[in-house]
Amino acid sequence: MDFTTETCTDLFTALAARMAAERDALCALDGLIGDADHGIAMEQGMQAAARAVPNLPTLQDQFNAAAKAFLNAVGASSGPLYATALMRAAKAAGPRAAMPRAETPALIAAMAEGIAHRGKAEPGQKTMLDAWAPAAEAARSGASWPEILIAAENGADATANMQASLGRAARLGERSLGHKDPGAVSASMIIAEFAKALG
Amino acid sequence: MDFTTETCTDLFTALAARMAAERDALCALDGLIGDADHGIAMEQGMQAAARAVPNLPTLQDQFNAAAKAFLNAVGASSGPLYATALMRAAKAAGPRAAMPRAETPALIAAMAEGIAHRGKAEPGQKTMLDAWAPAAEAARSGASWPEILIAAENGADATANMQASLGRAARLGERSLGHKDPGAVSASMIIAEFAKALG
Amino acid sequence: MSLTQKLINDGNAAVDEMLAGVLAAHPKHLRLAAPRAVVAQNGPRPGKVALVIGGGSGHEPTFLGFVGKGLADACAVGNVFASPPPQPCVDAAMAADGGAGVLFMYGNYAGDVMNFDMATELLEMEGIEARTVLTTDDIASSADPAKRRGVAGNVFIFKAAGAAADLALPLDQVERIARHANARTYTMGVALSACSLPQTRRLNFDLPSGEMEIGMGIHGEPGIRRGALKPANAVADEIMDAILAEMNAPAGAKVAVLVNSLGSTPLMELYILYARVAERLAAANLMIHSSLVGPYCTSMEMAGASITVMHLDDELTQMLDHPCDCAMFRVG
Amino acid sequence: MSLTQKLINDGNAAVDEMLAGVLAAHPKHLRLAAPRAVVAQNGPRPGKVALVIGGGSGHEPTFLGFVGKGLADACAVGNVFASPPPQPCVDAAMAADGGAGVLFMYGNYAGDVMNFDMATELLEMEGIEARTVLTTDDIASSADPAKRRGVAGNVFIFKAAGAAADLALPLDQVERIARHANARTYTMGVALSACSLPQTRRLNFDLPSGEMEIGMGIHGEPGIRRGALKPANAVADEIMDAILAEMNAPAGAKVAVLVNSLGSTPLMELYILYARVAERLAAANLMIHSSLVGPYCTSMEMAGASITVMHLDDELTQMLDHPCDCAMFRVG
Ligand SMILES: Nc1ncnc2c1ncn2[C@@H]1O[C@H](COP(=O)(O)OP(=O)(O)O)[C@@H](O)[C@H]1O
Ligand SMILES: Nc1ncnc2c1ncn2[C@@H]1O[C@H](COP(=O)(O)OP(=O)(O)O)[C@@H](O)[C@H]1O
Ligand SMILES: [Mg+2]
Ligand SMILES: [Mg+2]
Ligand SMILES: [Mg+2]
Ligand SMILES: [Mg+2]
């Protein structure tokens with residue numbers, strides 16, 4: 001069972017539904033250390049992406065269309081970060097209508113690179129990269145999807161003990177301690193949907 | 001024991017203290033059908049009056065000084081109404097340093113006339129006159145201070161069943177039903193302090 | 001019940017401290033003529049009718065903010081939600097008097113009427129003629145136009161009268177134009193939250209989430225009824241239905257529009273309302289000549305909004321367009 | 001928790017509906033160049049540097065309200081509290097470009113930087129030079145001036161840059177003046193309540209009665225610390241102590257002052273604060289050249305206020321006094 005353009009369409013449908021379901025919880029998390037809109041950004045971005053991906057010939061076209069749609073629907077921090085992530089995924093998937101499932105963890109590694117590149121973040125700064133980077137490392141080391149997901153979730157959990165040094169929460173200093181980074185939490189949810197669809 | 005300028009000073013001290021104590025309750029009452037400030041007006045007015053009355057030679061001077069002080073401290077509806085009431089009381093008391101207690105109910109009758117004159121109100125319109133008018137009627141018919149007070153309190157209670165047709169509450173129509181008029185309630189408190197001081 | 005959150009020092013001093021701040025911030029526009037009586041630096045002049053406005057505090061920029069060249073010459077400042085006493089009204093009138101008479105303008109509230117009437121009597125004793133035009137634009141407040149309250153429409157009505165006075169028209173004409181402006185100005189509002197007085201810091205009334213007061217005044221008085229909080233377009237429609245019926249303007253008529261915040265309702269919501277108001281006016285074939293959107297007549301931190309439409313004719317158009325330069329309001 | 005009370009139709013449509021209302025209310029000032037890209041009717045012109053501002057919605061009158069002759073030429077409009085995507089930034093820049101280069105100005109937030117930087121790359125491909133000056137006036141947000149947020153001081157900083165561009169200075173000069181203005185502008189604020197996004201209608205955070213957030217931003221982000229709600233003068237003193245220390249201006253220097261409402265804090269409270277700010281500046285021998293008091297940079301219905309002081313020199317004084325005529329802001 002390859003990862004096909006149909007699976008990809010379903011994946012984005014699932015991502016949009018998941019973000020809609022988590023919207024208020026993610027906003028509440030962002031309210032504690034940020035501006036309470038992260039759930040809205042992720043919902044709107046993934047819904048726009050889900051509308052953009054059907055009926056495109058290749059996975060590359062799909063991820064590129066998702067990137068553009070996400071960016072234009074959202075702006076914010078999440079927009080450029082996920083747009084870049086999705087463009088890297090497009091490149092990793094390549095101009096083909098399907099890719100072998102065994103190759104799909106490479107998408108996670110590519111997305112993590114895109115986020116790191118765009119956000120100029122390092123792990124440990126309490127951002128979404130703290131979920132994406134360990135997931136990418138697991139992916140690169142040949143881990144299974146469940147293992148990748150656990151790496152992401154552990155990474156997201158660990159942000160609770162970090163003091164933010166990038167993004168909106170960076171101005172909080174010590175007050176950011178004790179709360180998980182909303183972007184890291186949504187990242188682990190996204191990776192969970194990837195794992196469900198591709199694992 | 002006559003009603004002397006000293007008793008008069010004490011009376012205004014008591015009125016100021018009473019209005020301060022009732023301020024928030026009167027504001028809450030006014031909030032139901034008006035603009036929630038009646039307690040503030042009465043507190044500020046009576047405090048200004050209490051500051052104005054000491055060390056004046058006659059009761060007339062005292063009530064006139066109280067009238068002017070109340071008016072200038074307050075404005076609002078209560079200002080002109082109580083200023084006029086107090087000026088009428090001044091006239092009734094006359095240029096003397098003391099008046100026999102038996103004559104003092106005439107003060108209430110005079111004040112009620114002042115309020116009716118200034119406000120162009122009739123009983124039954126759900127205003128302070130609905131406490132002052134029955135009290136004045138009792139006073140004119142030779143009732144004792146406790147009887148005058150009971151007339152005022154019954155009058156104030158009765159405003160709960162009236163629909164306002166004057167003042168701020170008049171715009172409420174039926175929505176003014178079921179709530180006592182704050183001006184009538186403060187009136188009965190004022191008359192209670194007169195009764196305590198003069199009865 | 002917990003106390004409301006306010007940046008004040010002492011509730012009883014709030015009005016005087018505010019006034020000190022206003023005078024400090026606007027020295028080119030305003031000066032104090034006497035306690036609680038503010039006069040325009042550039043406004044009153046010999047031979048010109050003096051327009052004197054006033055009322056309770058808590059409605060800022062109404063009334064203070066509308067004092068200046070081309071609009072009101074002076075203002076009497078009351079306590080929060082309380083008419084000023086007669087003395088500041090007299091002082092404001094004397095400071096603004098240019099020998100051509102004084103026009104008092106203020107909202108139609110029992111307390112204001114009693115205090116300004118006493119001021120008028122005092123001025124008479126000084127040989128100064130003072131007339132009064134009450135604003136009564138709140139169409140929700142009574143079926144009888146004469147019994148209505150004055151609310152946000154004040155801005156347009158004062159503006160028209162101030163322009164007439166600035167054009168050096170005689171008192172009769174200024175009064176006529178003021179009455180004409182008032183007769184053609186229609187306002188209705190809704191409240192989404194209570195406000196609180198600085199002295200008590202208690203909410204004026206209880207409004208559960210999901211409800212609103214319809215036909216609300218600007219002092220936290222209850223409205224004509226309480227109903228479910230509706231979407232902005234439905235609220236605008238209900239208000240515009242009432243205003244358009246009352247105004248009964250012929251197709252092609254010109255109007256001025258004010259979408260006003262009662263305090264904490266932000267511009268985002270006002271502009272959402274405005275979009276609908278503009279649609280409704282277009283559908284009724286009425287031409288928007290000018291618009292104001294913002295907090296013009298407030299109840300401190302109350303949430304809610306009002307919509308005002310003034311039915312213009314050539315004279316009122318001229319008066320609204322006439323330049324004015326006030327501490328908190330400018331035209332031209 | 002109950003939903004907050006808002007006059008909106010659909011939380012997701014609020015920004016676009018607001019924009020429709022703004023365009024309907026201000027046809028003489030604004031037109032839509034492309035979706036979410038607003039350009040001044042009278043502003044951009046050949047040979048003039050295009051000043052393009054932008055950011056999230058919910059801060060009105062910032063940013064939209066500062067588009068007009070003499071100030072910003074165009075504005076990119078984001079979702080509530082969210083940077084606009086690159087496309088509207090590009091569209092706004094293209095619509096305003098007069099061939100003399102584009103200056104992007106916006107508050108220093110990670111999201112805005114990423115989106116405007118992407119826009120700059122896209123413009124480069126079109127052969128349009130776009131430079132960027134970030135505003136960083138919030139002294140509470142970091143010890144390092146370069147890492148600070150841009151908040152209400154935007155008004156003064158954009159104003160200075162807009163005047164420089166209006167005077168037809170070259171891009172280098174406009175950029176220099178913008179940086180100079182930003183370096184001399186100091187803001188700090190406190191929040192007394194949370195706000196809520198139109199989509200969720202949930203309060204951003206929990207602030208018990210009797211407490212305040214000190215050093216609050218304009219998106220409901222927590223401040224530098226939470227403390228007891230203090231009297232207005234104490235709040236003004238704490239902020240002025242910080243600003244005066246940071247500004248370190250010599251006696252006799254001129255300043256411009258902005259006392260800004262975050263939304264629901266009414267003029268009464270702002271003027272009470274202003275009175276104290278004026279006292280503190282006088283005590284420090286600083287001269288107030290001009291003042292703004294009102295809601296200039298808001299967080300929708302949030303309660304609270306910020307104080308901004310700009311340390312003027314002759315050049316900045318000239319830039320602030322230069323006339324501008326925007327939809328929601330005018331000078332001269
Ligand atoms: N430079 C960055 N690199 C990586 N992630 C970042 C960066 N800046 C912010 N983030 C992430 O973005 C999240 C916030 O996203 P969102 O709330 O949608 O945007 P905004 O901060 O603009 O409101 C943060 O929780 C953090 O994970
Ligand atoms: N015309 C009037 N005649 C007599 N009493 C009046 C009149 N108008 C108002 N009142 C009284 O004034 C009270 C309100 O006083 P207050 O709250 O101090 O003034 P305001 O209405 O100006 O806020 C009402 O409860 C009513 O008893
Ligand atoms: Mg956020
Ligand atoms: Mg009252
Ligand atoms: Mg009152
Ligand atoms: Mg945001």
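In what follows, every chain begins at residue 1, and chains take the letters A, B, ... in the order their sequences are listed. Atoms considered below: every heavy atom in the structure, side chains included; atoms not considered: hydrogens, waters and symmetry mates.
In this structure, chain B has heavy atoms under 4.5 Å from both the backbone and the side chain of C:Asn204. The part of B:Ile33 that comes within reach of chain C is its backbone (N, CA, C, O), which places non-hydrogen atoms under 4.5 angstrom from that chain. Contacts of B:Ala73 with chain C are made by backbone atoms alone, with heavy-atom separations under 4.5 Å and no side-chain atom involved. Using a 4.5 Å cut-off between heavy atoms, C:Val80 contacts chain B through its backbone alone, with no side-chain atom that close.
Within a 6.0 Å radius of CD in B:Glu137, other residues, nucleotides and ligands contribute 12 heavy atoms or fewer. The environment of CG in C:Asp144 is crowded: more than 12 heavy-atom neighbours from other residues, nucleotides or ligands sit within 6.0 Å.
Of the possible polar contacts, none joining the C:Arg202 side chain to the B:Cys27 backbone as a donor-acceptor pair under 3.5 Å is found. With C:Arg225 contributing its side chain and B:Arg175 its backbone, the two residues share no donor-acceptor pair below 3.5 Å.
Atoms CE and OG1, on C:Met114 and B:Thr84 in that order, are 8.5 Å from each other to the nearest 0.5 Å. We find the CD-CG distance between C:Glu221 and B:Asp30 to be 9.0 Å, quoted to the nearest 0.5 Å. Considering CD of C:Gln199 and CG of B:Asp37, their distance stands at 8.5 Å, rounded to 0.5 Å. Distance CG/B:Asp35 to CG/C:Leu197: 7.5 Å, rounded to 0.5 Å.
Inspection of non-hydrogen atoms places B:Ile40, B:Gln44 of residues 40-51 of chain B under 4.5 Å from chain C.
Annotation: maximal heavy-atom pairing with chain B below 4.5 Å, among C:Ala194, C:Pro85, C:Gly111, C:Pro88, occurs at C:Pro85. The residue among C:His219, C:Arg148, C:Lys147 with the most heavy atom pairs within less than 4.5 Å of chain B is C:His219. Looking only at heavy-atom pairs under 4.5 Å with chain C, the residue among B:Ser77, B:Ala76, B:Gly31, B:Gly119 that has the most is B:Ala76.
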